[in-house]
*Asks:* 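Please see the structure below; I have some questions.
We name chains A, B, ... by the order of the sequence lines, and we start the count at 1 in each one.
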There are 2 protein chains.
Amino acid sequence: MPDTLVNGIAAGRIAVDDRGLNYGDGLFETVAWLGGRPRLWHLHYRRLEEGCARLGLAIPEEPLLRAEMKIVAGDTTAAVIKIILTRGSGGRGYRPPAGAATTRIVRRLDWPRYPEDNQPRGVTLRYCDTRLGRNPRLAGIKHLNRLEQVLARAEWDDEYDEGLMQDESGNVIEGTMSNLFACIEGAIVTPDLSQCGVAGVMRRWVLDTAPRLEMPLRTEAVSTFALDTAQELFITNSLIGIWPVRRLGTREYSVGTVTRRLQDALQRETD
Amino acid sequence: MPDTLVNGIAAGRIAVDDRGLNYGDGLFETVAWLGGRPRLWHLHYRRLEEGCARLGLAIPEEPLLRAEMKIVAGDTTAAVIKIILTRGSGGRGYRPPAGAATTRIVRRLDWPRYPEDNQPRGVTLRYCDTRLGRNPRLAGIKHLNRLEQVLARAEWDDEYDEGLMQDESGNVIEGTMSNLFACIEGAIVTPDLSQCGVAGVMRRWVLDTAPRLEMPLRTEAVSTFALDTAQELFITNSLIGIWPVRRLGTREYSVGTVTRRLQDALQRETD
């Protein structure tokens, strides 16, 4: 069973002139393959559609990607499927070629071993020094230009589980690999991502689920001061699901009922 | 003669887990190979040093890169040598692996055929709608996160030779593939690149050369209004050298003596 398909063919390499390498001209998804199926796949594919529309990439058909995920997953029960779509080769410099064929990479990766306590007891966070530049044309989608996250993640080793990133004005936007939620005066608040940040599929799931559970939720600018006053914090991504935050810098938080209710709902829905 | 070396070996492909593809975690240089040697090579290598220091990449020795350029260039008299350095494979997600081996790609590309009139008579420019996000940690270096340039260049076909990009505050920063200079009230002015933009080697050459020719030059914020009032405009990059601008939007410019003097100096120095 091949662990990597490039345009449907078992392969571990791509052309050096691929625009994904040369310019980060493409998108990716990191999908949790659990119990023989991709968790929240419809949300991953919806984000790919949005990203392809934004970048002007031709999107592969959904059944094709699903079939290729199944091939690389084989009979593994827990794995990560990474999908990369690039604009392929060609073009004159930055100029995209007309009618480019999208390069499609589907890989199986090992399920990451996170500490078992993260889910029940929570994680520790820090603020990163590296800031996120603002660009509404790139905000929200999961494109391949990720140097800001790489530099931010390089700021610490194992002392923290995650780092929060701010934009240049000091608004808190997200973690390096996760989205952030805060419970403030009875409402769930998550940062506005219209100017920068990645709109994660697990964030999408929370945005869709909270109203169904009659939990008030709003998207807005979030300051470090607001986080200081929050009763609960939690972070999300497609692999970790929902992790409570027990410490941010020197401020300690308890794992609260809002976080627990959402964890339970996710567990029920994706079991 | 191989036209591509990957880590010194003739090859046209790289691993799909290379961080250059996955995150744009690397740098590149586009070198003019003219008359059997790389033009302004010392400036290219100096920028690579700066970029590697900024990203925490191990830099290949200068003689090694020079030798590999010579191998792929062979006996061609005019070619483009593209060098890509990436952080290689590995790491846990965005987190850079400790002691990563830099992936080194050296390619020969055809010399681009630009219209012959561009150099003597000048080019036409437009303003792009796509803006540049600000991030001082990434500003100036030629990293692989180039989606902003790709989106900007996709805004037009062949109606213009180049497009100018602004930051989110409206400061004019650079062209999609070039740097910008304006002659305003007797001085050469070029945009400050401390927050965004790529500091081109030909821009560096102009910054170094103008004082030697006793031409006053300053680096500062440049507005569209300032460009309206300019007597001359020119753009630069490592391949095109110096192109006068004869039109920006609806404003027409004459090719002036400052531009000509610098073109002559470049011709003399690199002949």
*Asks:* Is a salt bridge present between B/R13 and A/D17, judged by a nitrogen-to-oxygen distance below 4.0 Å?
*Replies:*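 Answer for the salt bridge query: no.
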*Asks:* Between A/L144, A/N145, A/T30, which shows the greatest number of heavy-atom pairs under 4.5 Å with chain B?
*Replies:*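 Option with the greatest count: A/N145.
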*Asks:* With sequence neighbours excluded, what pairs up with B/E148 under the salt bridge (charged side-chain N to carboxylate O under 4.0 Å, His left out) test?
*Replies:*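 B/E148: no salt bridge (charged side-chain N to carboxylate O under 4.0 Å, His left out) contacts found.
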*Asks:* Identify whether the distance between the nearest side-chain nitrogen and carboxylate oxygen of A/D158 and B/R95 falls below 4.0 Å.
*Replies:*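 Salt bridge: yes.
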*Asks:* Can you check side chain to side chain contact (heavy atoms under 4.5 Å, CB included) on B/R54 and A/L151, steps first, answer last?
*Replies:* CA-CA 9 Å; B/R54 218 80 87 74; A/L151 292 179; over 6 Å; no
*Asks:* Side chain, backbone, both or neither: which part of A/E168 has a heavy atom under 4.5 Å from chain B?
*Replies:*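 A/E168 touches chain B through side-chain heavy atoms alone.
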*Asks:* For A/E116, does the CD atom sit with more than 12 other heavy atoms under 6.0 Å from it, leaving out its own atoms?
*Replies:*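 12 or below, so no.
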*Asks:* Where on A/D129 is there a heavy atom nearer than 4.5 Å to chain B: the side chain, the backbone, both, or neither?
*Replies:*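 Nothing of A/D129, per the 4.5 Å heavy-atom cut-off to chain B.
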*Asks:* Could you check which of A/L55, A/T4, A/T86 has the highest count of heavy-atom pairs closer than 4.5 Å to chain B?
*Replies:*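 The candidate making the most pairs under 4.5 Å is A/L55.
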*Asks:* Between B/N135 and A/R131 (side chain of the first, backbone of the second, donor and acceptor by atom type, cut-off under 3.5 Å), is there such a pair?
*Replies:*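 Checking the backbone N and O of A/R131 against the side chain of B/N135, a donor-acceptor pair under 3.5 Å is found.
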*Asks:* Considering only heavy atoms from C-beta outward, does the side chain of B/Y94 approach that of A/R146 to under 4.5 Å?
*Replies:*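 Of all side-chain heavy-atom pairs linking A/R146 with B/Y94, at least one is under 4.5 Å.
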*Asks:* Tell me, side chain or backbone of A/D157 under 4.5 Å from chain B's heavy atoms, or both, or neither?
*Replies:*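 A/D157 touches chain B through backbone and side-chain heavy atoms alike.
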*Asks:* I need the contact set between residues 97-115 of chain B and chain A: heavy-atom distance under 4.5 Å, sorted by residue number.
*Replies:*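 Residues B/I105, B/R107 are the ones that qualify, each having a heavy atom under 4.5 Å from chain A.
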*Asks:* Does some side-chain heavy atom of A/R137 sit less than 4.5 Å from a side-chain heavy atom of B/L147?
*Replies:*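 Side-chain contact under 4.5 Å: no.
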*Asks:* Where is the tightest heavy-atom contact between B/P96 and A/V150, given as atom of each residue plus distance?
*Replies:*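 So the minimum-distance heavy-atom pair works out to CG-CG1, 3.9 Å.
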*Asks:* Could you point out which residue of B/L5, B/I84, B/I14 forms a side chain to side chain contact (heavy atoms under 4.5 Å, CB included) with A/V16?
*Replies:*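 Only match with A/V16 under side chain to side chain contact (heavy atoms under 4.5 Å, CB included): B/I14.
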*Asks:* Based on non-hydrogen pairs under 4.5 Å, which of A/A152, A/A11, A/C196, A/G133 is most in contact with chain B?
*Replies:*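 Most heavy-atom pairs within the cutoff with chain B belong to A/G133.
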